[in-house]
Amino acid sequence: MKFSDEAVDVKNNKLLGIFANVICVVFTLLVSVVNGDAACIFLSIIIGTGLSKKIDAINHIIAAILFIILLAIIGFPEFSWLCLIICIFANLIDELGNDKYDEKIENNSNVNETLLDKFFKYRCALKVTVLILSLLGLVNVLFTNTIISGIMFFQPLTVILFYIFDFSYEMAGKSFEGIYNTFQSILG
């Protein structure tokens with residue numbers, strides 16, 4: 001996803017952006033059909049990002065439509081609708097908060113970052129939400145007779161897998177130039 005963003009935003013290479021997003025859709029589908037938590041998170045990202053009007057480039061539009069159509073054809077795995085709604089709101093908060101942070105930085109470059117600024121800069125709402133939903137899932141596994149018994153939350157391992165995904169996303173952005181230049185030199 002991040003490679004596609006950078007290909008379009010930095011290099012104005014729409015064809016590479018679309019190609020990278022199609023590959024991303026394939027791998028995202030593979031994960032989503034076997035893991036309902038992954039499907040829930042990826043759907044929430046698409047819906048939350050769409051609601052914040054951030055699906056604004058052809059590569060993102062194609063990827064979002066392709067992912068939803070193919071997931072519907074293959075079949076949605078079982079996931080928690082409650083978790084989906086919560087994650088959509090968390091993603092929406094991340095996107096809108098990040099926009100406000102970017103606006104604040106553009107208007108005043110000498111700003112001292114507050115903790116809230118850093119929270120939105122690094123889009124932490126979804127990260128915290130996935131952590132909480134995974135901890136609630138752990139509570140359900142460990143304690144069967146609680147007030148939240150019977151409510152479907154994320155599996156405890158989901159938070160770790162999500163953080164690995166998020167770290168990979170950030171690393172793709174940081175290593176984009178090197179990867180892009182390598183492909184350019186190979187392709188001529």
Side-chain angles (χ1 to χ4, degrees), residues 1-10 17 20-21 24 28 31-32 35-57 59-61 63-64 67-68 79-140 142 146-148 151-177:
M1 276 187 253
K2 186 64 173 175
F3 190 85
S4 175
D5 286 345
E6 298 296 308
V8 173
D9 295 343
V10 175
N21 257 351
C24 178
T28 304
V31 172
S32 295
N35 186 294
D37 293 353
C40 180
I41 292 169
F42 288 125
L43 284 170
S44 75
I45 291 170
I46 290 170
I47 295 168
T49 307
L51 289 172
S52 67
K53 299 178 182 167
K54 293 278 188 91
I55 299 181
D56 55 359
N59 55 316
H60 295 310
I61 294 167
F67 177 76
I68 292 170
F79 63 84
S80 168
W81 287 94
L82 174 64
C83 289
L84 177 65
I85 292 167
I86 293 169
C87 287
I88 288 170
F89 281 114
N91 186 265
L92 189 56
I93 289 167
D94 275 342
E95 294 298 336
L96 298 176
N98 186 262
D99 286 349
K100 291 290 184 193
Y101 169 79
D102 289 345
E103 187 179 296
K104 182 178 178 179
I105 295 301
E106 286 175 18
N107 293 334
N108 186 1
S109 60
N110 295 330
V111 143
N112 289 330
E113 286 186 359
T114 65
L115 184 58
L116 189 61
D117 289 333
K118 289 179 183 179
F119 183 85
F120 289 126
K121 177 182 181 178
Y122 297 108
R123 294 181 168 99
C124 292
L126 187 59
K127 293 173 181 71
V128 171
T129 299
V130 171
L131 172 63
I132 291 168
L133 293 173
S134 293
L135 289 174
L136 290 170
L138 180 62
V139 169
N140 270 346
L142 296 176
T146 65
I147 196 166
I148 60 171
I151 300 174
M152 186 177 181
F153 295 107
F154 287 159
Q155 298 171 21
L157 185 60
T158 297
V159 68
I160 295 167
L161 298 174
F162 178 71
Y163 286 175
I164 291 170
F165 162 79
D166 189 65
F167 177 76
S168 300
Y169 180 89
E170 292 301 324
M171 288 299 101
K174 292 190 185 317
S175 52
F176 170 76
E177 284 294 330

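Worth knowing before you read on, the calculation uses all heavy atoms, side chains too, and leaves out hydrogens, waters and symmetry mates.
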Determine, for [X] against [Y], whether the closest basic-nitrogen to carboxylate-oxygen distance falls under 4.0 angstrom.
{"X": "E170", "Y": "K174", "value": "no"}
{"X": "D94", "Y": "K127", "value": "no"}
{"X": "E95", "Y": "R123", "value": "yes"}

Got a sec, which residues hit side-chain contact (heavy atoms from CB on, under 4.5 Å) with I164, two or more places apart in sequence or on another chain?
I160, S168
Report the residues that fulfil side-chain contact (heavy atoms from CB on, under 4.5 Å) with I93, sequence neighbours left out, ordered by chain and then residue number.
F120, A125
For a quick test of reading the model, state the closest non-hydrogen atom pair linking [X] to [Y] and the distance between them.
{"X": "C40", "Y": "S80", "result": "SG-O, 3.9 Å"}
{"X": "I151", "Y": "N140", "result": "O-ND2, 2.8 Å"}
{"X": "V8", "Y": "G17", "result": "CG2-CA, 3.8 Å"}

To the closest 0.5 Å, what do you measure between [atom1] ([X]) and [atom2] ([Y])?
{"X": "N35", "Y": "L157", "atom1": "CG", "atom2": "CG", "answer": "8.5 Å"}
{"X": "I86", "Y": "L136", "atom1": "CD1", "atom2": "CG", "answer": "8.5 Å"}
{"X": "L126", "Y": "D166", "atom1": "CG", "atom2": "CG", "answer": "8.5 Å"}
{"X": "T129", "Y": "I88", "atom1": "OG1", "atom2": "CD1", "answer": "12.0 Å"}
{"X": "L115", "Y": "C124", "atom1": "CG", "atom2": "SG", "answer": "9.0 Å"}
{"X": "D99", "Y": "K54", "atom1": "CG", "atom2": "NZ", "answer": "3.5 Å"}

Is the backbone of [Y] close enough, under 3.5 Å, to the side chain of [X] for a donor and an acceptor to pair up by distance?
{"X": "N91", "Y": "T49", "value": "yes"}
{"X": "N21", "Y": "C24", "value": "no"}
{"X": "D117", "Y": "Y101", "value": "no"}
{"X": "S44", "Y": "L84", "value": "no"}
{"X": "D37", "Y": "F79", "value": "no"}

Can you check whether V139 reaches L135 side chain to side chain, under 4.5 Å on heavy atoms?
no
Close side-chain approach of C87 to L43, heavy-atom, < 4.5 Å
no
Partner residues of F162 under the ring-ring contact (aromatic ring centres under 6.0 Å, His included) criterion, sequence neighbours left out:
none
Verdict with reasoning, K121 to D102, per salt bridge (Lys or Arg N to Asp or Glu O under 4.0 Å)
CA-CA 8 Å; K121 177 182 181 178; D102 289 345; over 6 Å; no
Inspect the surroundings of [atom1] in [X] and state if more than 12 heavy atoms from other residues, nucleotides or ligands are less than 6.0 Å away.
{"X": "F165", "atom1": "CZ", "answer": "yes"}
{"X": "L142", "atom1": "CG", "answer": "yes"}
{"X": "Y122", "atom1": "OH", "answer": "no"}

Tell me, with the steps shown, if I55 and I46 meet side-chain contact (heavy atoms from CB on, under 4.5 Å).
CA-CA 8 Å; I55 299 181; I46 290 170; 4.2 Å; yes
Set out, in order, the CA-CA distance, both residues' side-chain angles and the distance that settles side-chain contact (heavy atoms from CB on, under 4.5 Å) for F154 and C83, then state yes or no.
CA-CA 8 Å; F154 287 159; C83 289; 3.7 Å; yes
Before giving the answer on side-chain contact (heavy atoms from CB on, under 4.5 Å), spell out for K2 and F176 the whole-Å C-alpha distance, their side-chain angles and the decisive distance to 0.1 Å.
CA-CA 8 Å; K2 186 64 173 175; F176 170 76; over 6 Å; no
Under the criterion side-chain contact (heavy atoms from CB on, under 4.5 Å), I'd like the reasoning laid out for F153 against I132: C-alpha separation, chi angles, the key distance, then a yes or no.
CA-CA 9 Å; F153 295 107; I132 291 168; over 6 Å; no
